[in-house]
Amino acid sequence: MKTVITVKAFQALQTTSALCKAANVSRGQLRLYEEDGLITPHSRTEAGYRQYGTDTLDRLKVIKNLKELGFTLAEIALLLSDRDQGALDETAIQRLAAQALKKIDERMAALQVIRGYVAPVAVGDMSVPQDEDCNFVFEFMTALSAGETRRRA
């Protein structure tokens with residue numbers, strides 16, 4: 001049995017390519033999120049191409065933001081599943097928030113250590129990169145520079 005959709009609904013559907021571009025995600029990420037049950041195509045064309053509803057873009061933004069906060073895909077799936085069902089497990093959310101806060105604090109502490117080495121170099125103190133025990137600072141700054149070059153290309 002074929003699913004019948006209106007012209008207006010059809011025009012609102014997005015192709016994989018358009019969705020990836022709008023959400024700034026790769027096709028691989030999209031497939032991974034689909035395999036993990038985080039997103040679902042609205043329908044498929046007769047040729048089998050996936051079509052996504054307009055709400056999928058918003059959902060991808062939520063997924064990306066939660067990932068940036070340090071949540072795993074399994075944790076994100078739990079949060080989205082609860083939200084989709086209209087009932088939030090406050091205890092589970094509190095536990096996840098505490099775990100995320102711990103990860104954030106750990107990352108901030110590590111960044112503070114790195115900052116302590118990078119800050120003197122930023123004002124011209126080149127003794128840090130010349131210290132054999134601080135090679136990681138030079139490698140860190142080189143990696144940052146390479147990443148910046150790739151983003152501009």
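Predicted model, so just to flag it, every value in this text is computed and none were measured. Note that the numbering runs from 1 along the sequence shown for the chain.
- Note that CD1 of I39 and CD of Q29 are 10.5 Å apart. Values are rounded to the nearest 0.5 Å.
- Residues S17 and R27 are in side-chain contact: their nearest non-hydrogen atoms beyond the backbone lie under 4.5 Å apart.
- Within the model, atoms CG of L78 and CZ of F71 stand 10.0 Å from one another, a figure rounded to the nearest 0.5 Å.
- Taking R44 as the reference, nothing meets the salt bridge (Lys or Arg N to Asp or Glu O under 4.0 Å) condition, with sequence neighbours excluded.
- To the nearest 0.5 angstrom, L73 atom CG is 11.0 Å from E35 atom CD.
- The distance from the CD1 atom of I63 to the OG1 atom of T56 is 9.0 Å, given to the nearest 0.5 Å.
- Atoms CZ and CG, from R107 and D105 in turn, are 12.5 Å apart once rounded to the nearest 0.5 Å.
- Among all heavy-atom pairs drawn from T16 and Y52, the shortest one is OG1-CE1, 3.5 Å.
- L60 places a side-chain heavy atom less than 4.5 Å from the side chain of L30.
- Shown here are the side chain to side chain contact (heavy atoms under 4.5 Å, CB included) partners of A47, two or more places apart in sequence or in another chain: T45, Y49.
- Here salt bridge (Lys or Arg N to Asp or Glu O under 4.0 Å) pairs that include residues 55-67, with residues two or more places apart or in two chains, are R59-D84.
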Using a 3.5 Å cut-off and no angle test, enumerate the donor-acceptor pairs between side-chain atoms of residues 109-116 and protein atoms at least two apart in sequence or in another chain.
none

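- Expressed to the nearest 0.5 Å, how far OG of S26 lies from NZ of K21 amounts to 15.5 Å.
- Side-chain atoms of D125 come within 3.5 Å of backbone N or O of S127 as a donor-acceptor pair.
- Residues passing the side chain to side chain donor-acceptor pair (under 3.5 Å) test with T91, sequence neighbours excluded: none.
- Every residue was checked against the side chain to side chain donor-acceptor pair (under 3.5 Å) condition with T40, not counting sequence neighbours, and none meets it.
- A continuous path of ILVMFWY side-chain contacts below 4.5 Å connects L32 to L80, so both sit in one hydrophobic cluster.
- By the rule that hydrophobic residues join a cluster once side-chain heavy atoms approach within less than 4.5 Å of another member, L38 and V62 end up as members of one cluster.
- The side chain to side chain contact (heavy atoms under 4.5 Å, CB included) search around K103 returns T72, E75, not counting sequence neighbours.
- Partners of E34 under the salt bridge (Lys or Arg N to Asp or Glu O under 4.0 Å) rule, at least two apart in sequence or in another chain, are R31, R50.
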